[in-house]
Amino acid sequence: MFTLCTVFVLFLGVVHCQFPRVCTTSEALRSKKCCPLWEDGSPCGSRSGRGKCRSYVVATTFAAGQVRQVADDRLDWPRFYFNSTCECFGHFSGHNCGQCKYGYNGKKCDRKKTVVRREIRQLSFMERKRFFSYLALAKTTKSADFVILSTGDRHHRDTYRFVDASVYDIFAWIHYYSMKPLLINGLFDDSRNYAHSGPAFPGWHRVGLMFLERQIQILTGDEDFAIPYYDWRGEKNCSICTNELLGESNEQGFLHDNSHFAFWKSICSGYNYADAYCQTAGDECQMERLHRKPGADPTVKSFPSFKDVEDTIKWSSFDTPPFNDSSLRSFRNALEGSLKPSDGVTLQLSMHNLVHVYIGGTMSQVPISANDPMFLLHHCFVDKIFEAWLLRHKATSDNYPENDQLGQGPDECAMPYFPCYRNKDLLRSSSYVGYKFSKYQGM
Ligand SMILES: *[C@@H]1O[C@H](CO)[C@@H](O)[C@H](O)[C@H]1NC(C)=O
Ligand SMILES: *[C@@H]1O[C@H](CO)[C@@H](O)[C@H](O)[C@H]1NC(C)=O
Ligand SMILES: *[C@@H]1O[C@H](CO)[C@@H](O)[C@H](O)[C@H]1NC(C)=O
């Protein structure tokens, strides 16, 4: 529906993620300032009371002395790139405070808004058609507001460059960027990253989905657009892997020519080296097609069950020491999928991780998995389980633990989002950020 508020939102422009194009000019990078002018001509819309330019406040739990030796550009986000960014007031948000916080719209950002995310099989024929055409548009439209970072050698900052990407590819890139090994004292540590294997996992992915959902709302003018989910509980095979829905695979595992995403290419594919940041960005010839082999991995026979999901939600501790893939009796580790949900002490492939492996192909190459729209539907359901847990246990930011995972401290900004979302603040019901879930199969 193209209402008046839609027009406003379009007019104000998009703004939520890395890297804002206007902040990647040589001047912005040299001054380390990302406080763009809003339409009133003042930085961060300060003249209109929308926000102000503020200098960076250290939030990392990593000892200050150590930070100096760390070369990783993502640690202590966004300090490596910018030491001044916009702080927006009230319900204003975005890198220049020109946008509304998630869950609000209108010129003054004072209207509460809520969309409903539904199971893909609950969508009507027309709604599905619309969903697939929106994705096609997002995949082929250059992002006006964001660019991605590319380099062939992460050790050398002067080789970093910013390149154009489509709206969908910006999203796929964000996930890829978060997963690159940490560069510490000249060495790569691939046992940890910013979005996985730690307490940031559920909230980090929540922001990623909200970002793409908002981008698609702005791109299409459809304020009501909501990402559908795939409720895979108890599935014997991937029943949505049909050409009407997410697509069948051919013998080689590529998506069937008659499916919606048959000719999608994976950004950053083929260059999954620790020392490169998406060297192939923009080079169609270097990118591979999406592929999937649902059920082909012999180690994974079926999807998680209804009981697995119920057992996962029962764990009352959000996360437990040592806050990684070895955490026991941890809701986060059961959901993420390194823990058996029923007993909470057996370390085994489960839940979220298991579904990635079951689907196979692009989805099982986790750094580039967000290239496959299956990622969206899968993570949208993971987010529904997260929401069920938040409500069941009445969780608040106090449930978010201090921990040693770099970038995953309670007060650190989820990386690489703009503006800053503190990890602990993401432990809050989705109703505060403008969406809820439909009921499906009793959940
Ligand atoms: C931010 O970085 C710039 C460029 O390195 C430097 O000149 C400036 O003093 C820094 N400002 C703050 C508040 O740290
Ligand atoms: C899933 O299994 C059903 C029933 O066994 C079968 O009819 C269907 O073709 C299978 N679907 C896929 C995508 O393999
Ligand atoms: C988790 O952290 C502990 C303590 O640092 C370590 O011994 C263990 O190997 C880690 N587990 C994984 C899977 O990285």
Side-chain angles (χ1 to χ4, degrees), residues 19-20 22-36 43-44 46 51-68 70-87 95 157-158 160 178-182 184 187-201 204 274 299 315 317-341 343-354 356-357 366-367 401-409 412-413 418-420:
F19 278 91
V22 292
C23 295
T24 57
T25 60
S26 50
E27 167 51 26
L29 292 167
R30 192 171 50 243
S31 66
K32 290 194 157 193
K33 192 179 258 194
C34 181
C35 291
C44 313
S46 56
K52 65 166 192 209
C53 188
R54 113 189 117 174
S55 59
Y56 175 78
V57 187
V58 175
T60 184
T61 49
F62 212 49
Q66 283 173 290
V67 169
R68 257 176 261 123
V70 170
D72 196 277
D73 59 311
R74 302 157 299 171
L75 185 67
D76 222 5
W77 184 257
R79 200 186 64 152
F80 187 91
Y81 295 97
F82 306 111
N83 61 16
S84 302
T85 53
C86 289
E87 176 184 15
H95 66 261
R157 198 177 172 189
D158 54 7
Y160 288 23
S178 78
M179 283 206 76
K180 297 302 282 189
L182 283 142
I184 300 180
L187 299 172
F188 292 113
D189 175 356
D190 59 8
S191 68
R192 304 186 285 192
N193 66 70
Y194 294 88
H196 304 83
S197 306
F201 170 78
W204 189 96
T299 59
W315 295 105
S317 290
F318 172 65
D319 206 354
T320 58
F323 306 110
N324 63 12
D325 293 337
S326 305
S327 295
L328 307 181
R329 298 180 191 85
S330 150
F331 161 71
R332 190 274 313 163
N333 202 25
L335 177 68
E336 187 170 0
S338 296
L339 188 62
K340 185 174 178 176
D343 67 14
V345 294
T346 309
L347 297 176
Q348 68 173 39
L349 185 64
S350 65
M351 296 290 287
H352 154 266
N353 289 341
L354 183 146
H356 274 279
V357 176
V366 181
E402 288 289 349
N403 67 89
D404 292 335
Q405 296 291 345
L406 298 183
Q408 302 200 21
E412 288 183 88
C413 305
F418 282 96
C420 173

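Remember, it's a predicted structure, so these values are computed and weren't measured experimentally. Counting starts at 1 for both ligands and their atoms, in listed order.
- For ligand 1, the polar-atom distance check against Asn83 finds a nitrogen or oxygen pair separated by under 3.5 Å.
- For the side chain to side chain contact (heavy atoms under 4.5 Å, CB included) with Cys35, the lone residue among Ser55, Cys23, Pro43 that qualifies is Pro43.
- Cation-pi geometry between Arg157 and Tyr81 is satisfied (NZ or CZ under 6.0 Å from the ring centre, within 45° of the ring normal).
- Residue contact check: Arg30 has heavy atoms under 4.0 Å from atoms 4 (C) of ligand 1.
- Contact residues of ligand 3 (protein heavy atom closer than 4.0 angstrom to a ligand atom; sorted by chain and number): Pro322, Asn324, Asp325, Ser326.
- When each of Thr320, Leu339, Asp319 is paired with Arg332, the side chain to side chain contact (heavy atoms under 4.5 Å, CB included) condition holds for Asp319 and for no other.
- Counting non-hydrogen atoms of other residues, nucleotides and ligands closer than 6.0 Å to NZ of Lys33 gives a total of 12 or fewer.
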Apply side-chain contact (heavy atoms from CB on, under 4.5 Å) to residues Ser197 and Glu336 and explain how you reach the verdict. CA-CA 8 Å; Ser197 306; Glu336 187 170 0; 4.1 Å; yes
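- For a disulfide, the SG atoms of both cysteines must be under 2.5 angstrom apart; this holds for Cys44 and Cys86.
- Contact between Lys33 and ligand 1 is absent, with no heavy atom of the residue lying under 4.0 Å from the ligand.
- Shortest non-hydrogen contact noted between Glu412 and Asp76 is OE1-N, 4.3 Å.
- Near Ser31, the atoms of ligand 1 lying under 4.0 angstrom from a non-hydrogen atom of the residue are 2 (O), 3 (C).
- For Asn193, the side-chain contact (heavy atoms from CB on, under 4.5 Å) partners are Met179, Ala195, His196, not counting sequence neighbours.
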